[in-house]
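Below is one structure; the comments refer to it alone.
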Amino acid sequence: MCAESTPATPETESMPNNFIHEMIIQDLAPGGRCAGQAVHTRFPPEPNGYLHIGHAKAIVIDFGTAEKFGGLCNLRMDDTNPSREDVEYVESIQEDIRWLGYDWGDRFFYASDYFPQTYEYACRLIKKGLAYVCELTPDQIRETRGTLTTPATPSPFRDRPAEESLDLFRRMKDGEFPDGSMTLRAKIDLNSGNFNMRDPVLYRILRANHHHTVAAWCIYPMYDFAHPIEDALEGITHSLCSLEFEDHRPLYDWVIEHIDAPAKPRQIEFARLGINHTVMSKRKLRLLVETGRVSGWDDPRMPTLCGLRRRGYTPASIRSFIERIGVSKVNSTVDYGFLEHCLREDLNANAPRIMGVLEPVRLILDNYPAGQSEQFEIENNPEQPETGTRTVSFSRELWIDAGDFQEQPAKGYFRLYPGNEVRLKTAYIIRCTGCIRDAEGRILEIHADYDPASRGGNAADGRKIKGTIHWVDAQTAIDAEVRLYDNLFDIEDPDAADCNYLDHLNPDSLVTMTGCKMEASVRGLTAPAAFQFLRHGYFCLDAIDSKPDALVFNRSVSLKDSYRGKA
RNA sequence: UGGGGUGUAGCCAAGUGGUAAGGCACGGGACUUUGACUCCCGCACUCGUAGGUUCAAAUCCUGCCACCCCAGCCA
């Protein structure tokens with residue numbers, strides 16, 4: 001069960017032009033680099049982990065850009081390094097992208113399916129004298145690569161005859177040499193200030209079980225060689241990626257040029273997404289999972305798409321968030337609060353409401369006939385009257401939230417306190433007459449009288465009632481557990497270089513409340529299922545932990561700061 | 001020290017020589033059968049910085065400063 005509260009249709013029409021769009025518009029203009037062509041992009045994750053909100057930015061940009069220009073976006077597993085990849089990830093990646101609302105049609109590819117062509121292109125480079133088989137060890141390659149200010153020294157194998165390299169390369173593929181003993185290297189520019197151009201490795205020998213090709217290959221192309229080829233073979237016109245690949249663009253272009261590629265894709269880089277109070281790197285997220293600091297990749301505190309989904313985030317809210325933060329080349333960190341804002345906005349408009357109390361206290365209406373019961377029709381969503389109403393039962397004994405009563409009211413408090421009137425939402429106006437405490441001073445029950453003439457919540461004499469509170473009929477209430485989630489880290493920037501993020505896990509990131517009470521109509525609800533109550537978080541049914549007799553709710557967004565600290 | 005990038009409000013972000021959009025956050029007010037939502041109002045005499053060109057500069061030129069990325073047989 002997934003919490004989808006809104007149709008998953010990307011609204012890229014509303015997406016304002018960003019610098020990538022401007023570049024594409026120029027490419028498309030008459031005489032431009034790809035005048036007359038259809039825009040074609042791709043989202044190329046390596047299947048070595050779960051997708052997170054940072055990937056959502058790339059997904060929205062890749063799919064959204066293609067859609068904006070009436071083109072297509074492929075989904076491609078960039079699986080050129082078998083050692084860390086797994087089918088578990090290729091499946092979760094597809095599920096999460098679908099959940100976000102994007103469709104790659106029949107254009108699902110594996111980079112590893114192109115290995116035969118990639119091999120042929122490598123042979124072509126060798127024949128042109130642009131690549132050679134090198135027998136230097138990894139250490140030797142590092143030592144001869146030079147430094148920031150000194151050029152690389154040539155490999156002793158750099159001028160090996162093409163025929164010899166071709167033969168060796170074939171034998172590398174045929175498994176004649178051990179892992180790591182040889183590489184295929186491009187012959188480019190040892191003096192370049194860009195390390196990527198100092199004879200980069202194109203192929204390495206690696207015996208590992210590949211999740212897709214199994215043991216068909218024992219040589220694997222490097223990203224820098226494989227990626228431009230993958231893009232060219234698929235007819236990609238614009239290869240969008242993150243900023244750290246800017247230095248790789250000259251090599252990308254070099255490959256495209258020298259293999260005589262069937263297409264000339266253009267790489268454009270944008271800044272990846274940073275959000276405060278969380279970490280985004282797969283390595284760090286993986287460690288949280290493996291050390292049990294969270295319950296899994298889908299722990300509702302995780303910034304993974306499956307975690308956000310379980311927390312109650314809607315696909316529309318995530319898409320809206322990405323579209324609204326914009327696209328630029330500035331390294332930026334967006335406030336987590338903005339993500340929450342986008343969720344609140346969607347939930348407020350589209351989520352069905354129920355009433356519930358987290359910390360139940362018994363409320364007894366002394367003048368309400370014992371044994372009597374009545375029904376109220378309550379709107380499911382005041383923002384959408386067309387979503388109808390539900391029936392909620394009411395009787396003499398109710399549950400209200402402890403926070404909605406103060407025996408000694410604080411200054412400005414306008415909910416229930418002795419002598420004060422408050423409205424039980426859509427039911428009656430009541431006046432508090434006092435409360436009973438046990439020996440330890442805990443409130444056992446609150447007493448009040450109801451105004452029979454106020455059925456529906458309006459006073460017959462027109463008097464104004466300032467406070468309105470939630471309530472649940474004690475006779476029909478359903479028990480539930482509620483989990484309050486907060487930021488995973490208690491500092492703004494757990495990624496800061498001078499801090500160990502594991503030392504800053506927020507100890508209050510998960511607070512579990514048991515014995516909570518929900519109105520009975522929650523039973524009939526399936527996904528989408530998000531609820532707002534208790535001034536004023538949004539909660540949603542946990543799709544994974546819920547059982548028929550033990551509902552579990554996750555709080556989707558924390559309370560607004562302006563409300564924190566108030567009674 | 002070499003190469004590649006980026007600097008507009010607390011956080012994102014428009015702006016492309018004609019006098020600083022918008023959103024989040026924040027503050028104030030109105031409304032309210034959720035202290036939510038919604039609605040108003042306020043929030044950069046200034047665009048990293050110092051000069052220069054111009055009638056006019058965030059936009060053009062020069063110098064300086066700050067920050068990010070790069071020396072994997074990772075992507």
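What's counted below: heavy atoms across the whole structure, side chains too, no hydrogens, waters or symmetry copies. Bear in mind the structure is a predicted one, so any value in this text is a computation, not a measurement. Letters go in sequence order (proteins before strands), and every chain restarts at 1.
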Rounded to the nearest Å, what distance is computed from the [atom1] atom of residue [X] to the [atom2] atom of nucleotide [N]?
X	N	atom1	atom2	answer
A:D335	B:A9	CG	C1'	13 Å
A:E244	B:U6	CD	P	15 Å
A:E340	B:C26	CD	P	12 Å
A:F338	B:G22	CZ	P	15 Å
A:R185	B:A71	CZ	P	15 Å
A:F414	B:U32	CZ	P	13 Å
A:R42	B:A75	CZ	P	15 Å
A:N18	B:U6	CG	C1'	17 Å

Any base atoms under 4.0 Å from [X], or only sugar-phosphate, or nothing? Heavy atoms, all strands.
X	result
A:G467	nothing
A:S192	nothing
A:T80	sugar-phosphate
A:D247	base
A:F245	base

Across all strands, who's sitting opposite [N] as a Watson-Crick or G-U wobble pair, both distances under 3.5 Å?
N	result
B:A20	none
B:G72	none
B:A66	B:U6
B:G42	B:C26

>> With a 4.0 Å limit, can you tell me whether A:H341 has a side-chain N or O closer than that to the phosphate oxygens OP1/OP2 of B:C24?
In response: yes
> Does the side chain of A:R204 get closer than 4.0 angstrom to OP1 or OP2 of B:C74 through an N or O atom?
Replying inline: yes
> Got a sec, which residues hit salt bridge (Lys or Arg N to Asp or Glu O under 4.0 Å) with A:E383, two or more places apart in sequence or on another chain?
Replying inline: none
> For B:G72, does the O4'-C1'-N9-C4 (purine) or O4'-C1'-N1-C2 (pyrimidine) torsion place it in syn, i.e. within 90° of 0, or in anti?
Replying inline: syn
>> Treating A:T41 as the side-chain partner and A:D62 as the backbone partner, does any N or O pair qualify as donor plus acceptor under 3.5 Å?
In response: yes
> Should the pair A:H211 and A:Y110 be assigned to parallel (<30°), tilted (30 to 60°) or perpendicular (>60°) ring geometry?
Replying inline: tilted
> Under 30°, 30 to 60°, or over 60°: which ring-plane class applies to A:F115 and A:Y220, parallel, tilted or perpendicular?
Replying inline: perpendicular
> Do the side chain of A:R249 and the base of B:G4 come within less than 3.5 angstrom through a donor-acceptor pair of N or O atoms?
Replying inline: no
> If you find the nucleotide of RNA chain B closest to A:S328 and the one closest to A:N196, which residue's nucleotide is nearer the 5' end?
Replying inline: A:S328
> Between A:H248 and A:S332, which is nearer to the 5' end of RNA chain B once each is assigned its nearest nucleotide?
Replying inline: A:S332
> In terms of side-chain geometry, is the basic nitrogen of A:D253 or A:R249 positioned less than 4.0 Å from the acidic oxygen of its partner?
Replying inline: no
> Would you call A:R266-A:D27 a salt bridge at under 4.0 Å N-O?
Replying inline: yes
With the side chain of [X] defined as its heavy atoms from C-beta on, choose the nearest nucleotide among [options].
X	options	answer
A:T468	B:U34, B:G10, B:C37	B:U34
A:M222	B:G72, B:G35, B:G5	B:G72
A:V330	B:G5, B:G2, B:A13	B:A13

>> Against the six-membered ring of A:Y50, is A:K282 placed for a cation-pi contact (under 6.0 Å from the centre, within 45° of the normal)?
In response: no
>> Is the terminal nitrogen or CZ of A:K173 (NZ for Lys, CZ for Arg) located under 6.0 angstrom from the six-membered ring centre of A:Y119 and within 45° of that ring's axis?
In response: yes
Separation between the [atom1] atoms of [N] and [M], rounded to whole Å:
N	M	atom1	value
B:G7	B:C12	C1'	14 Å
B:A44	B:A36	P	26 Å
B:U59	B:U16	C1'	7 Å
B:G72	B:G63	P	33 Å
B:G35	B:C31	C1'	13 Å
B:U1	B:A58	P	31 Å
B:A75	B:C70	P	15 Å
B:A56	B:C64	C1'	26 Å

>> According to ring-ring contact (aromatic ring centres under 6.0 Å, His included), who are the partners of A:H277, at least two apart in sequence or on a separate chain?
In response: none
>> Under 4.0 Å, heavy atom to any atom of RNA chain B: which of residues 135-152 of chain A qualify?
In response: A:L136, A:T137, A:P138, A:I141, A:R142, A:R145, A:G146, A:T147, A:L148, A:T149
>> Are more than 12 heavy atoms, taken from residues, nucleotides or ligands other than A:R272, located less than 6.0 Å from that residue's CZ atom?
In response: no
